[in-house]
Amino acid sequence: MSAAPAAVREKSKVPAAESTLRILRLLASRRGPQPASAIAAQLGLPRSTVYHLLAVMEENGFVMHLAEEQRFGLGIAAFELSSAYSRQEPLSRLGRPVLAALVDAIGESAHLAVLHGRDVYYIVEERAKNRPSLVTDVGVRLPSHLTASGRAILAALPKSQVRALYPNAAAFTARTEEGEQIRSYSALQSELDQVRQRGYATEDGEVTGGLASVAAAVLDHAGWPAAAVAVTFEGGRVPEQRREELSKRVAKTAAELATRIYGRA
């Protein structure tokens with residue numbers, strides 16, 4: 001649950017503020033600008049209220065009015081908020097203690113990654129005691145289709161977006177000769193279908209020989225993957241039953257982190 005004070009959670013006290021945030025959240029979840037009438041219909045708000053709030057947000061730069069299209073989109077002030085979010089690194093700050101607790105519980109190394117183009121970008125790593133060094137250090141980028149973290153994120157994206165990221169064979173690279181190397185879009189989609197069915201992603205030796213990983217996506221309020229939590233271990237040391245247990249712990253940790261970030265019950 002959200003840790004916000006009770007007074008802040010009293011929605012009825014500030015209906016205009018709540019409606020404003022709902023409009024911004026709706027615009028952020030769409031692929032392009034929206035007509036005011038569609039915003040009102042989707043949120044169940046009076047058109048007059050929506051037009052009034054959009055006018056105020058436009059004056060303050062949070063939305064922009066595309067007059068030719070008669071639509072509203074996010075403005076520069078919303079972008080500045082996004083940039084401030086990146087600077088303050090709240091995802092890393094919230095993720096670090098959650099991953100540390102996971103590592104303490106299972107005795108294996110864990111990391112948190114986000115999608116950056118076709119790569120995953122590692123923002124947190126928690127190393128378990130007496131476990132091997134990993135290439136997934138903070139700031140490292142790896143091809144997403146090779147990693148458990150990347151596969152977990154890609155599986156939560158629309159197929160059209162995955163296709164745009166992998167338009168041809170040149171988009172697929174390999175690091176080792178181990179595992180079932182993914183070298184085509186059809187092979188990638190087959191792997192992602194399995195991820196969706198299981199609820200978690202796997203990788204065995206495709207990033208570093210002898211090491212395997214399991215991962216689960218951290219979903220935002222709209223169901224989009226904001227990040228992925230993963231655990232990496234020596235493949236030959238961990239039997240299949242133990243891997244299933246690790247996968248469940250990883251999925252639970254990803255859900256916990258989503259709750260911490262978005263205040264969902």
Please examine the side chains of L43 and S19, heavy atoms only from C-beta on, and report whether any two atoms are closer than 4.5 Å. no
Is the closest basic N to carboxylate O distance between R249 and E108 below 4.0 Å? no
Are Y185 and V162 close enough that some pair of their side-chain heavy atoms sits under 4.5 Å apart? yes
Any idea which heavy atoms bring R198 and E191 closest together, and the distance? NH2-OE2, 3.9 Å
Below 4.5 Å, heavy atoms only, C-beta onward: do L91 and V114 meet side chain to side chain? yes
Should Y200 and L246 be regarded as members of a common hydrophobic cluster, given that ILVMFWY residues are connected when their side-chain heavy atoms come within less than 4.5 Å of each other, either directly or indirectly? no
Residue pair Q34 / L27, side-chain heavy-atom distance below 4.5 Å: yes
Donor-acceptor pair, distance only, cut-off 3.5 Å: does the side chain of R96 make one with the backbone of V124? no
Between V103 and V98, is there a shared hydrophobic cluster once you connect ILVMFWY residues whose side-chain heavy atoms come closer than 4.5 Å? no
Any heavy-atom pair between the side chains of I106 and R242 that's under 4.5 Å? yes
In Å and rounded to the nearest 0.5 Å, what is the CD to CD1 distance from Q42 to I23? 11.5 Å
Atom OG in S184, atom CD in Q189: separation rounded to 0.5 Å? 10.0 Å
Separation between CG of L188 and NZ of K159, rounded to the nearest 0.5 Å: 11.0 Å
So, does R71 use its side chain to make a donor-acceptor pair with the main chain of P33 at under 3.5 Å? yes
Answer yes or no: is there a side-chain heavy-atom contact under 4.5 Å between L157 and P225? yes
Spatial distance of atom OG (S37) from atom CZ (R47) [nearest 0.5 Å]: 5.0 Å
Is the count of non-hydrogen atoms from other residues, nucleotides or ligands lying under 6.0 Å from R163 atom CZ greater than 12? yes
With a 3.5 Å cut-off and no angle check, do the side chains of T147 and S149 form a donor-acceptor pair? no
Test: E245 and K248 ion pair at under 4.0 Å: no
Considering all heavy atoms of both residues, which atom of R151 and which atom of A201 are nearest to each other, and what is their separation? CB-CB, 3.8 Å
Minimal non-hydrogen separation, F62 against L24, with atom names: O-CD2, 4.1 Å
OG1 of T20 to CD of E18: how many Å apart, nearest 0.5 Å? 10.0 Å
Would you say CD of Q70 has more than 12 non-hydrogen atoms from neighbouring residues, nucleotides or ligands within 6.0 angstrom? no
R243 side chain to G235 backbone, donor-acceptor under 3.5 Å: yes
Any donor and acceptor pair, going by atom type alone, linking the side chain of E234 with main-chain N or O of R237 inside 3.5 Å? no
Aromatic ring pairing H116/Y121, orientation class (parallel under 30°, perpendicular over 60°, tilted between): tilted
Is it the case that one hydrophobic cluster holds both V229 and I261, taking links as side-chain heavy atoms less than 4.5 Å apart, direct or via other members? yes
Run the side-chain contact (heavy atoms from CB on, under 4.5 Å) test on L154 and R118 for me, step by step, so that the C-alpha distance in whole Å, both residues' side-chain angles and the decisive distance to 0.1 Å come before the verdict. CA-CA 10 Å; L154 292 174; R118 272 200 300 266; over 6 Å; no
Any L192 side-chain heavy atom under 4.5 Å of H145 side chain: no
For V195 and A155 the tightest heavy-atom approach is CG1-CB, 3.5 Å
Smallest heavy-atom separation, S213 atom then T232 atom, equals OG-OG1, 2.7 Å
Roughly how far, to the nearest 0.5 Å, is CG of L54 from CD1 of I39? 5.0 Å
Heavy atoms of V120 and G150 approach each other most closely as CG1-CA, 3.4 Å
Side-chain heavy-atom pair W224, P158 within 4.5 angstrom cut-off: yes
Criterion side-chain contact (heavy atoms from CB on, under 4.5 Å) on V140 and E125, from CA distance to verdict: CA-CA 10 Å; V140 168; E125 183 188 39; over 6 Å; no
Answer with yes or no whether the hydrophobic clustering places L142 together with F172; edges join I, L, V, M, F, W, Y residues whose side-chain heavy atoms lie under 4.5 Å apart. yes
Should the heavy atoms of other residues, nucleotides or ligands under 6.0 Å from CZ of R25 be counted, would the total exceed 12? no
